Colleague: 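For reference, the structure I am asking about is given below.
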Amino acid sequence: MSGKVQLTRSTTVLLRGAPLCNHANDSAESVLLVLAPKAMQSERVRIRLEEEDVQTAGDLQELDKEDLKELGLNMVERRRVLRWASSPSPIDFLESLQPPDERRSAEGRPLQAVEQ
């Protein structure tokens with residue numbers, strides 16, 4: 001043996017799992033517009049979000065029932081936010097609340113067009 005080692009080229013593929021929250025960078029307001037549209041009509045709720053520095057969907061996910069009540073959400077809205085926050089796929093949960101004609105694929109095309 002000459003002491004030389006022949007090197008072979010290899011490829012390493014790093015797989016990344018889904019983020020903890022697909023909407024982590026969305027604004028808390030944009031998520032609440034879907035989950036609690038009635039509450040978002042109130043300037044008081046928007047002011048409380050700002051006062052409490054709840055800016056992103058990730059921030060919103062960290063809130064508990066009492067926090068949501070303090071923000072001004074009613075019982076149904078609080079329950080909806082808590083279900084969204086604990087769902088395995090928050091993006092799917094949000095999309096399930098949108099009217100069928102507004103649902104879109106990852107490419108931005110309407111789902112009906114993608115399914116055909």
Side-chain angles (χ1 to χ4, degrees):
M1 289 189 78
S2 65
K4 291 184 180 181
V5 177
Q6 183 165 349
L7 299 176
T8 59
R9 186 175 197 114
S10 68
T11 303
T12 302
V13 177
L14 299 174
L15 299 176
R16 195 174 127 209
L20 293 176
C21 170
N22 290 330
H23 284 273
N25 294 323
D26 284 356
S27 73
E29 282 192 24
S30 67
V31 172
L32 285 173
L33 282 170
V34 175
L35 296 174
K38 185 177 175 184
M40 291 307 293
Q41 292 175 0
S42 166
E43 188 64 26
R44 179 180 168 268
V45 173
R46 293 176 189 271
I47 290 169
R48 289 294 293 160
L49 285 170
E50 189 175 321
E51 288 174 346
E52 297 299 330
D53 202 26
V54 180
Q55 297 177 356
T56 67
D59 295 336
L60 189 60
Q61 279 186 308
E62 298 295 322
L63 302 181
D64 64 17
K65 184 167 59 172
E66 288 303 311
D67 296 331
L68 296 170
K69 185 176 185 177
E70 196 173 312
L71 281 177
L73 276 64
N74 68 32
M75 283 179 15
V76 172
E77 292 166 335
R78 290 192 303 267
R79 189 71 220 135
R80 195 176 297 139
V81 171
L82 292 171
R83 280 195 344 254
W84 163 78
S86 64
S87 77
S89 179
I91 193 169
D92 290 340
F93 188 88
L94 285 177
E95 288 176 356
S96 73
L97 297 175
Q98 294 178 351
D101 60 335
E102 293 181 19
R103 294 184 192 169
R104 302 201 174 267
S105 71
E107 297 85 28
R109 294 181 294 167
L111 282 179
Q112 293 83 358
V114 174
E115 292 170 352
Q116 294 176 354

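Note that the structure is predicted; figures quoted are calculated from it, not measured. Hydrogens, waters and symmetry mates are skipped; everything else that's a heavy atom, side chains included, is used.
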Colleague: Carefully, step by step, assess Leu32 and Leu73 under the rule side-chain contact (heavy atoms from CB on, under 4.5 Å).
Modeller: CA-CA 10 Å; Leu32 285 173; Leu73 276 64; 4.1 Å; yes

Colleague: Please report the C-alpha distance between Asp53 and Gln55 in whole Å, then the side-chain angles of each, then the deciding distance to 0.1 Å, and finally whether the side-chain hydrogen bond (donor to acceptor under 3.5 Å, both in side chains) criterion is met.
Modeller: CA-CA 6 Å; Asp53 202 26; Gln55 297 177 356; 2.6 Å; yes

Colleague: Any idea which heavy atoms bring Leu60 and Ala28 closest together, and the distance?
Modeller: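 Of all heavy-atom pairs spanning Leu60 and Ala28, the closest is CD2-O, 4.1 Å.
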
Colleague: Using side chain to side chain donor-acceptor pair (under 3.5 Å) as the criterion, list what pairs up with Ser42, not counting sequence neighbours.
Modeller: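 Here no residue qualifies.
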
Colleague: Short question: side chain of Glu50, backbone of Ile47 - any donor-acceptor pair under 3.5 Å?
Modeller: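 Flag not set: sc Glu50 to bb Ile47 has no pair under 3.5 Å.
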
Colleague: How many angstroms lie between atom CG of Leu63 and atom CZ of Arg78, to the nearest 0.5 angstrom?
Modeller: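 It is 12.5 Å, given to the nearest 0.5 Å.
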
Colleague: May I have all residue pairs that pass salt bridge (Lys or Arg N to Asp or Glu O under 4.0 Å) and include part of residues 66-75, sequence neighbours excluded?
Modeller: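 Every pair satisfying salt bridge (Lys or Arg N to Asp or Glu O under 4.0 Å) with a residue in residues 66-75: Arg48-Glu70.
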
Colleague: Between the side chain of Ser30 and the main-chain N/O of Asp26, is any donor-acceptor distance below 3.5 Å?
Modeller: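 No; judged by distance alone, with no hydrogens or angles, the pair does not exist.
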
Colleague: At what distance, to the nearest 0.5 angstrom, does OG of Ser27 lie from CG of Leu33?
Modeller: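 These two atoms lie 7.5 Å from each other.
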
Colleague: Considering all heavy atoms of both residues, which atom of Ala39 and which atom of Val45 are nearest to each other, and what is their separation?
Modeller: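 Shortest heavy-atom separation between Ala39 and Val45 comes out as O-CG2, 3.3 Å.
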
Colleague: Kindly compute the distance separating CE (Met75) from CG (Leu68), expressed to the nearest 0.5 Å.
Modeller: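 Output value for this atom pair is 13.5 Å.
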
Colleague: Would you name the heavy atoms of Arg80 and Pro37 that are closest together and state the gap between them?
Modeller: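 Shortest heavy-atom separation between Arg80 and Pro37 comes out as NH1-CD, 4.4 Å.
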
Colleague: Does anything in residues 30-46 pair up under salt bridge (Lys or Arg N to Asp or Glu O under 4.0 Å), and if so which pairs, sequence neighbours excluded?
Modeller: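 Checked against salt bridge (Lys or Arg N to Asp or Glu O under 4.0 Å) - neighbours excluded - the pairs reaching residues 30-46 are Glu29-Arg46.
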
